[in-house]
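Report on the structure given below.
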Amino acid sequence: MQLPEVTLRLPEWVSPLLRERFGDGPAILEAIEARARLAIDLSRRNIDEGTGGPFGAAVFERDSGRLIAVGVNLVLAGPCSTAHAEIVALSLAQRLLETHNLSAPPLPAHELVTSCEPCAMCLGAVPWSGVRRLICCARDEDARSVGFDEGDKPPDWVRSLEHRTIAVVRDVLREPASEVLQAYVRSGGEVY
């Protein structure tokens, strides 16, 4: 029996978008809002290009703002139910930095920026990834209100992450992030 290989690739438009924004130099976004805007722009572009669902994410060095990796939702393109934007961004960051732990010494602290609060699966991946901060744009209820199944998350998930020394920042540019979710549904995008 030959086993298939699983390879997830970012859509072709991602590299040109990043080059357009950052040129050939280091990609640095100092403000949290600018980092959130990138995640939202990735989510919007993913639906505009027809390459996936309305979710985007990015991994940054927390203090310097240096972009490490981005991810977009590849569930339908995969097809792979676990190919959420957060998982893609974390996986690429870990591959690029050659570590399964983004807080392993001597690395600087890293953060995950998401266009929407993580679903149950992605929430589970956050502590194992080693990120020290999670920045969320739209809320769980924004995704649920348009029909997405976010899974069963504990009501005190923020406190649980903070107990593990992972800071959580919510509602950064919530309105434009929520609008991307609504636009996806209005455009006839498949809700899963």
Side-chain angles (χ1 to χ4, degrees), residues 8 10 14-15 17-46 55-73 83-140 142-143 150 153-154 156-178 180:
L8 297 174
L10 289 173
V14 174
S15 289
L17 173 79
L18 296 176
R19 271 195 305 279
E20 177 183 307
R21 278 224 176 145
F22 302 109
D24 292 328
I28 297 175
L29 294 173
E30 293 181 8
I32 288 175
E33 292 80 9
R35 298 174 200 180
R37 174 65 59 202
L38 176 62
I40 295 167
D41 289 349
L42 288 164
S43 68
R44 182 176 304 279
R45 185 77 179 264
N46 205 35
F55 302 96
V59 174
F60 290 89
E61 287 182 358
R62 183 191 63 199
D63 299 331
S64 73
R66 184 171 78 92
L67 177 65
I68 303 300
V70 300
V72 294
N73 181 280
H84 291 200
E86 298 93 330
I87 300 298
V88 172
L90 290 169
S91 298
L92 289 173
Q94 291 170 339
R95 289 293 298 263
L96 288 166
L97 297 175
E98 298 180 341
T99 181
H100 66 280
N101 181 356
L102 296 175
S103 65
L107 293 175
H110 288 85
E111 69 184 6
L112 174 64
V113 181
T114 67
S115 65
C116 188
E117 290 179 346
C119 70
M121 176 185 69
C122 295
L123 176 63
V126 168
W128 305 130
S129 72
V131 296
R132 303 294 4 129
R133 182 164 64 186
L134 172 65
I135 297 173
C136 309
C137 299
R139 287 234 177 171
D140 178 273
D142 300 328
E150 297 297 283
K153 291 175 16 181
D156 62 346
W157 67 270
V158 171
R159 190 173 49 140
S160 175
L161 289 179
E162 289 172 343
H163 179 73
R164 297 178 76 117
T165 67
I166 301 168
V168 178
V169 180
R170 300 167 81 187
D171 298 334
V172 179
L173 303 177
R174 181 180 179 185
E175 189 173 316
S178 180
V180 173

So, taking the atom named [atom1] in [X] and the one named [atom2] in [Y], what distance separates them when rounded to the nearest 0.5 Å?
X	Y	atom1	atom2	answer
L97	I68	CG	CD1	5.0 Å
T99	L107	OG1	CG	6.0 Å
D140	C119	CG	SG	9.0 Å
L10	L17	CG	CG	11.0 Å
L102	Q94	CG	CD	5.0 Å
L8	L92	CG	CG	8.5 Å

So [Y] and [X], do their side chains get closer than 4.5 Å, heavy atoms only?
X	Y	value
R37	P176	yes
R21	L38	yes
V59	L90	yes
L67	L18	yes
L42	S115	no
V72	V88	no

E162, CD atom: more than 12 neighbouring heavy atoms under 6.0 Å: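 Enclosed.
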Pairs touching residues 118-132 that satisfy side-chain hydrogen bond (donor to acceptor under 3.5 Å, both in side chains), sequence neighbours left out: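 Checked against side-chain hydrogen bond (donor to acceptor under 3.5 Å, both in side chains) - neighbours excluded - the pairs reaching residues 118-132 are R132-T165.
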Can you tell me which residue pairs pass the side-chain hydrogen bond (donor to acceptor under 3.5 Å, both in side chains) test with a partner in residues 100-111, sequence neighbours excluded?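 Only R35-E111, N101-S103, E111-R133 qualify under side-chain hydrogen bond (donor to acceptor under 3.5 Å, both in side chains).
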Who passes salt bridge (charged side-chain N to carboxylate O under 4.0 Å, His left out) against [X], sequence neighbours left out?
X	answer
R95	none
E61	R66
D142	R174

Tell me which pairs pass salt bridge (Lys or Arg N to Asp or Glu O under 4.0 Å) where either residue lies in residues 96-105, with sequence neighbours left out.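 For residues 96-105: none.
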Restricting to pairs with a member in residues 117-126, which pass salt bridge (Lys or Arg N to Asp or Glu O under 4.0 Å), not counting sequence neighbours?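 Salt bridge (Lys or Arg N to Asp or Glu O under 4.0 Å) check on residues 117-126 returns E117-R139, E117-R170.
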Grab the two heavy atoms, one from [X] and one from [Y], that are nearest each other, plus how far apart they are.
X	Y	answer
A39	V113	CB-O, 4.0 Å
C137	A177	CB-CB, 3.5 Å
I28	S64	CG2-O, 3.3 Å
I166	P127	CD1-CA, 3.7 Å

With sequence neighbours excluded, residues passing side chain to side chain donor-acceptor pair (under 3.5 Å) with [X]:
X	answer
D156	R159
R45	E49
S91	none

Contacts of T114 that satisfy side chain to side chain contact (heavy atoms under 4.5 Å, CB included) - sequence neighbours left out: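 Partners of T114 by the side chain to side chain contact (heavy atoms under 4.5 Å, CB included) criterion, ordered by chain and then number, come out as A57, E86, L112, L134, C136.
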Looking at residues at least two apart in the chain, or sitting in another chain, which of them share a ring pair (Phe, Tyr, Trp, His ring centres under 6.0 Å) with F55?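 In terms of ring pair (Phe, Tyr, Trp, His ring centres under 6.0 Å), with neighbours along the sequence ignored, F55 is linked to F148.
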